[in-house]
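Below you'll find the structure, written out as structure tokens, and then a few comments.
Chain A is the first sequence line, chain B the second, and so forth, proteins listed ahead of strands; every chain is numbered from 1.
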Number of protein chains: 2
Amino acid sequence: MTVTLADVAARAQVSPATVSRVLNGNYPVAASTRERVLKAVDELDYVLNGPASALAAATSDLVGILVNDIADPFFGIMASAIQAEIGGPGGRAGGERLAVVCNTGGSPERELTYLTLLQRQRAAAVVLTGGAIEDAAHKAAMDAKVRKLADAGTRVVLCGRPPAPETGAIALTFDNRGGGQELTEHLIGLGHRRLGYIAGPEERTTTRHRLEGHRAALAAHGIEEDARWTVHGRYDRRSGYEATLELLRRDPSLTAVVAANDSVALGACAALRDSGLRIPEDVSVAGFDDLPFSIDAVPSLTTVRLPLAEAGARAGRIAMGREEAPPGGIASVRGELMVRGSSGVPRVS
Amino acid sequence: MTVTLADVAARAQVSPATVSRVLNGNYPVAASTRERVLKAVDELDYVLNGPASALAAATSDLVGILVNDIADPFFGIMASAIQAEIGGPGGRAGGERLAVVCNTGGSPERELTYLTLLQRQRAAAVVLTGGAIEDAAHKAAMDAKVRKLADAGTRVVLCGRPPAPETGAIALTFDNRGGGQELTEHLIGLGHRRLGYIAGPEERTTTRHRLEGHRAALAAHGIEEDARWTVHGRYDRRSGYEATLELLRRDPSLTAVVAANDSVALGACAALRDSGLRIPEDVSVAGFDDLPFSIDAVPSLTTVRLPLAEAGARAGRIAMGREEAPPGGIASVRGELMVRGSSGVPRVS
DNA sequence: AGCGTTACAGCAAGCGCTTTCTACATACGG
DNA sequence: CCGTATGTAGAAAGCGCTTGCTGTAACGCT
């Protein structure tokens with residue numbers, strides 16, 4: 001039925017062992033023999049049986065990438081960068097790896113199940129991206145799984161996710177707290193004193209860290225926060241729109257709205273415009289991440305740029321063992337404040 | 001070292017065969033035995049060896065999704081929808097499949113290599129998304145590969161891609177031509193007679209079809225096209241920005257710019273604004289796809305909505321054999337014209 | 001009571017590859 | 001000219017699972 005190694009061997013008049021060695025190139029084979037084998041492979045249109053190979057060699061060429069939402073460019077950009085480094089087709093010959101992008105949709109169960117699936121496939125490496133869920137039980141389960149994977153020889157890298165000590169995973173963490181603080185300080189510096197904050201979903205490290213940064217900035221400047229100024233929502237535009245309307249309802253005197261990310265900020269802009277408010281004359285808006293579309297908003301968005309592609313690339317290289325892990329297995333990646341048109345001096349109240 | 005089926009069998013005092021059958025649930029096993037086995041699995045924290053299982057059963061639970069650019073929400077949205085249907089974790093018990101999103105980056109070689117990799121893994125199904133590359137040699141190679149995959153029992157579905165007759169692949173094609181025509185007709189209806197067109201990369205079916213639709217509309221209304229009115233570029237914002245500047249340079253009297261997709265249209269808007277032109281008073285702009293951010297542009301973008309998520313979901317179901325293939329294996333999916341603020345009556349010249 | 005059924009469980013033969021160990025040349029130093 | 005490297009190829013033992021086939025009880029029927 002399908003062509004097997006043995007068929008190739010027969011055609012090339014050599015043993016299966018030799019064919020395997022030619023294909024893997026990890027054993028000396030006479031040039032003439034190699035050629036004969038390659039010719040047979042070509043003629044028979046032979047394709048290696050991955051599972052069989054993985055079973056026999058006890059290794060696989062699968063690399064898993066877990067993302068919370070593949071439809072969100074935040075993850076798409078990281079995944080793309082990771083995959084480019086993983087090699088996929090394009091790496092050095094023979095080292096072809098299949099990057100598996102798994103979409104957890106932010107669901108704890110799926111996250112765990114995907115990890116099991118990857119463990120089952122004996123993945124060569126796994127990269128976990130984005131914020132983690134802050135549920136003690138879930139975190140413990142995840143850590144245990146990660147440790148098991150690491151023990152089994154799978155390299156685990158966390159990209160844009162807080163470190164998981166004692167699990168053997170390498171972490172490239174985004175400094176969400178620092179970025180959040182810097183952003184809010186910029187607004188305070190402009191003169192804002194009443195700032196609304198649209199946070200991401202609760203129980204997420206990213207959400208918490210950004211919010212903590214925001215609050216740290218307020219505290220540092222002696223601004224007492226009003227509980228009504230914070231609203232939680234999802235990481236999407238719609239949520240930003242609704243949350244902004246809610247904020248406006250709660251306190252129409254707000255002069256700035258800080259959003260959990262750029263998509264949310266865009267929704268906020270739309271809500272403000274629909275409410276007849278000008279940006280930034282009436283209300284300033286700030287986002288986070290600096291996704292490609294942010295610069296196209298009108299006015300363009302003040303935000304914190306996260307080096308998603310760079311971090312992804314680095315995570316990919318570390319996963320492939322092509323770059324050394326940072327000291328202690330943990331590195332913090334800083335964001336950069338991008339001041340643009342959506343933030344300005346507050347209106348005089 | 002790692003726990004195997006045999007270990008579980010020993011612990012549960014049954015044969016490996018029984019354990020396998022409990023795990024696969026495809027053979028009657030007494031309830032008491034099943035329980036004993038499940039308990040042992042749990043206690044030993046056993047994880048099935050995927051490759052071994054795939055080898056023995058001659059099937060795998062991998063499903064491949066090929067995308068041109070994972071960082072582009074156009075593909076992210078489709079991939080997300082496909083994956084949701086594939087089941088990943090979430091489908092019916094036991095039917096856990098691993099969706100593999102492969103990023104070709106629009107490169108023909110990578111496209112082919114990924115297909116080989118999936119063939120090697122004996123993927124259960126493969127979904128190819130987005131426009132195809134119009135190179136005769138490449139197309140032939142792809143078709144041959146697809147046919148081989150289909151012959152080997154892998155279900156192949158094309159989503160948003162032109163049909164590949166005789167390959168055994170099911171196609172869900174977007175009516176790019178019709179959408180393009182409708183869009184341009186809308187502009188002509190408003191009174192536009194001098195329309196610039198920013199096309200996508202050459203040698204791509206999507207690019208060609210959308211452009212053909214545009215030209216068909218012009219022709220239908222007796223508008224003679226000026227060769228200077230068309231510029232080719234990539235499917236990104238930057239490209240749209242530059243192409244618009246070029247169009248303006250070539251013919252400052254243009255009253256409308258039609259872009260290959262929404263990202264390009266956003267770039268076009270930015271370029272127009274930077275050139276001191278108002279949208280739509282001075283120049284109307286239209287996009288294609290209706291990605292989530294398009295409604296947030298200022299003014300919001302007139303575009304053609306493509307049911308990305310719906311089509312992806314359907315493709316996923318077909319790939320899983322959970323929905324019947326359309327008659328003839330081909331279905332055309334229509335777009336819907338979304339008239340918004342970026343298009344208006346042309347200025348009087 | 002005798003026999004065909006039915007319901008489970010085990011045996012053992014692979015699935016297609018990798019890899020260790022062995023075999024055999026040929027080459028080389030003494 | 002022999003013993004020992006050296007380079008190359010093959011034989012064969014699995015890797016961990018699935019599954020066809022073969023028991024073997026317990027059951028129901030005439």
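In this structure, the nucleotide among C:dG16, C:dA9, D:dT18 sitting nearest to the side chain of B:Val29 is C:dA9. When the nucleotides C:dG16, C:dT19, C:dC11 are ranked by their closest atom to the side chain of B:Ser15, C:dC11 comes out on top.
By the 4.5 Å heavy-atom criterion applied to side chains, A:Phe75 and B:Ile70 are not counted as neighbours. You'll find the side chain of B:Leu128 reaches within 4.5 Å of the side chain of B:Leu115, heavy atoms only.
B:Gln13 places its CD atom 13 Å from the P atom of C:dA9, with the value rounded to the nearest Å. What separates CG of A:Leu5 from C1' of D:dA11 is a distance of 15 Å, to the nearest Å. Distance CZ (A:Arg21) to P (C:dT18): 11 Å, rounded to an integer number of Å. At whole-Å resolution of the value, CG in B:Leu23 and P in D:dG16 are 16 Å apart. Rounded to whole angstrom, the span from the CG atom of B:Leu55 across to the P atom of D:dT18 amounts to 11 Å. Whole-Å rounding puts the A:Tyr27 OH to D:dG7 P distance at 11 Å. Here the P atom of nucleotide D:dC15 and the CG atom of B:Asp7 are 12 Å apart, to the nearest Å. Atom CD in B:Gln121 sits roughly 13 Å away from atom P in C:dC17 (whole-Å rounding).
In this structure, A:Asn24 does not reach the C:dT19 phosphate: none of its side-chain N or O atoms is under 4.0 Å from OP1 or OP2. For the OP1/OP2 pair of C:dA9 and a distance below 4.0 Å, the side-chain nitrogens and oxygens of B:Thr18 include no atom meeting the criterion. OP1 or OP2 of C:dT18 has at least one side-chain nitrogen or oxygen of A:Ser20 nearer than 4.0 Å.
With rounding to the nearest 0.5 angstrom, the CD atom of A:Glu85 is 12.0 Å from the CZ atom of A:Arg314. One finds the CZ atom of A:Arg21 at 6.5 Å from the OG atom of A:Ser15 (value rounded to the nearest 0.5 Å). Going from atom CD1 of B:Ile77 over to atom CG of A:Asp72 covers 10.0 Å, rounded to the nearest 0.5 Å.
Side-chain to base pairing of B:Arg120 with C:dG16: no donor and acceptor N or O lie closer than 3.5 Å to each other. The base of C:dG16 has none of its N or O atoms less than 3.5 Å from a complementary donor or acceptor on the side chain of B:Arg122.
Around CD of B:Glu43, the count of heavy atoms belonging to other residues, nucleotides or ligands within 6.0 Å exceeds 12.
The residues A:Asp143 and A:Lys139 are annotated as salt-bridged, a charged nitrogen and a carboxylate oxygen being separated by less than 4.0 angstrom.
Residue whose closest nucleotide on DNA chain D sits further toward the 5' end, between A:Ala17 and B:Ala17: A:Ala17.
Within a heavy-atom distance below 4.0 Å of DNA chain D, the residues of residues 30-52 of chain B found are B:Tyr46, B:Leu48, B:Asn49, B:Ala52.
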